[in-house]
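If you read the sequence from its start, that first residue is 1, and numbering goes on from there.
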Amino acid sequence: MRLTLTQTTLNELRSALIRYTNAARKVTGGRGRPVSRKSGGAGSDAKAIRMWAIDNGLQVNTRGRIQADIVKKYLPAH
């Protein structure tokens, strides 16, 4: 079975889709490009910050983001 659009149904389809195309956002870049992630401020020192926090009796998450107050205390000490 082959379906074809007449000019009338084509115009109806375009008018139905126009609100979606107007609301869409443009995608920049090519296909398959990896998305770079920004570090949360601790950067590559996350392991060092955790060790410092543990050594100083502070409770710190073993995984994930390091609490801002711990990073704030760590920075002046280093």
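- Between the CG atom of Asp45 and the CG atom of Leu75 there is a distance of 8.5 Å, given to the nearest 0.5 Å.
- Using a 4.5 Å cut-off between side-chain heavy atoms of Ile, Leu, Val, Met, Phe, Trp and Tyr, with links allowed through other members, Ile70 and Met51 fall into different hydrophobic clusters.
- Distance OG1/Thr62 to CZ/Arg50: 7.0 Å, rounded to 0.5 Å.
- Note that the OG1 atom of Thr6 and the CD atom of Glu12 stand 7.5 Å from one another [nearest 0.5 Å].
- Of all heavy-atom pairs spanning Gln59 and Gln67, the tightest one is O-NE2, 3.9 Å.
- Clustering ILVMFWY residues whenever any of their side-chain heavy atoms sit less than 4.5 angstrom apart, transitively, puts Leu5 in the very cluster that holds Leu17.
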